[in-house]
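Inspection log for the structure reproduced underneath, given as C-alpha cells.
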Amino acid sequence: MPKEKTTTRKSKAKAETGGKKKKDPNAPKRGLSAYMFFANDNRENVRAENEGISFGQVGKVLGERWKALNSKQREPYEAKAKADKERYEKEKAAYNDTPADDDEEEE
DNA sequence: AGACTGATTGTTCCA
DNA sequence: TGGAACAATCAGTCT
C-alpha cells in the first residue's frame, strides 16, 4: 500500500472519499501537533548526538525519542500543542462567526 | 452515533 | 522551493 507520503500533500488525492468535502471555507488551519514542538526542542538535541546525520535519520530517531518519552515529558510539548490548538480555536470561532449572509456581524 | 479519511503543522537535508 | 519520514490532530464527511 502506498505510504501516501506526508506533508505538502495538500491536494494529493483530494476528496477521494467522495469528491465534495468542501471542509472549511476559511480553513483556520489547525494548530501544530505536540510533535512539532517536540521536534523544535529535540531537533538540536538529536542532531547534537548524531552530528552529521541525514534528515532521514534525524526524523526517525526523533519519532522514536518522542514515543520514548513519558506522558510527563510530553507535557511541555502537549502544553504547547494545546496552546496552539487554542489559537486555532480562536480562528475556528471567527470562522464560525463569519457572516454567512450579510446580517449578524458582531465586532 | 460511530468510523474514517483528508487536510494541516514543523524539523532537517539536498538539488 | 519543495518534497519526504516522523507523529499528532482534528474537523468535516460518510455510513
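Side chains are part of it too, since the values below use all heavy atoms of this structure and drop only hydrogens, waters and symmetry mates.
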Nearest-angstrom distance from the residue atom CH2 of A:W66 to P of B:dT9: 19 Å
Those residues that, when tested against A:Y88, pass side-chain contact (heavy atoms from CB on, under 4.5 Å) (two or more places apart): A:P28, A:R30, A:K92
Side-chain heavy atoms of A:Y77 within contact of A:D41, under 4.5 Å: yes
Separation of B:dT12 C1' from A:E64 CD (nearest whole Å): 16 Å
Spacing of A:N40 atom CG relative to C:dA8 atom C1', expressed in whole Å: 14 Å
Residue A:K92, side-chain heavy atoms: nucleotide from C:dA11, B:dT11, C:dA5 that is nearest: C:dA11
A:E91 CD - C:dA11 C1' separation (whole Å): 14 Å
Other residues, nucleotides, ligands: >12 heavy atoms within 6.0 Å of A:R43 CZ: yes
Closest to the A:M36 side chain, choosing from B:dT11, C:dC10, C:dA7: C:dA7
Gap between atoms OH and P, on A:Y35 and C:dC10 respectively (whole Å): 18 Å
Nucleotide nearest A:Y88 (side chain, heavy atoms from C-beta), chosen from B:dA7, C:dA11, B:dT9: C:dA11
Rounded distance (Å) that lies between atom P of B:dG10 and atom CG of A:N45: 21 Å
Minimum heavy-atom distance between A:A81 and A:S33, given as atom pair plus value: CB-C, 3.9 Å
Please list, one pair per line, the donor and acceptor atoms closer than 3.5 Å that link side chains of residues 49-74 of chain A to other protein atoms, with sequence neighbours excluded.
residue	atom	partner	partner atom	Å
A:N50	ND2	A:V46	O	2.9
A:R74	NE	A:E78	OE2	3.3
A:R74	NH2	A:E78	OE2	2.6

Heavy-atom donor-acceptor pair, A:R30 side-chain to C:dA11 base, under 3.5 Å: no
Phosphate OP1/OP2 of B:dC13 contacted by A:R47 side-chain N/O (<4.0 Å): yes
Sorted by number, the residues of residues 67-86 of chain A with heavy-atom contact under 4.0 Å to DNA chain C: A:K67, A:K85
A:A39 side chain, from C-beta outward: closest of C:dC10, C:dC6, B:dT11: B:dT11
A:K82/A:E86 salt bridge by N-O under 4.0 Å criterion: yes
Distance, rounded to the nearest Å, where A:F37 contributes CZ and B:dT9 contributes C1': 8 Å
Shortest side-chain distance from A:R43, nucleotide among B:dT9, C:dA8, B:dT12: B:dT12
Integer-rounded Å distance: C:dA4 P and A:Q57 CD: 17 Å
A:L32 vs A:L62, nearer the 5' end of DNA chain C by closest nucleotide: A:L62
Donor-acceptor under 3.5 Å (A:N40 side chain, A:M36 main chain): yes
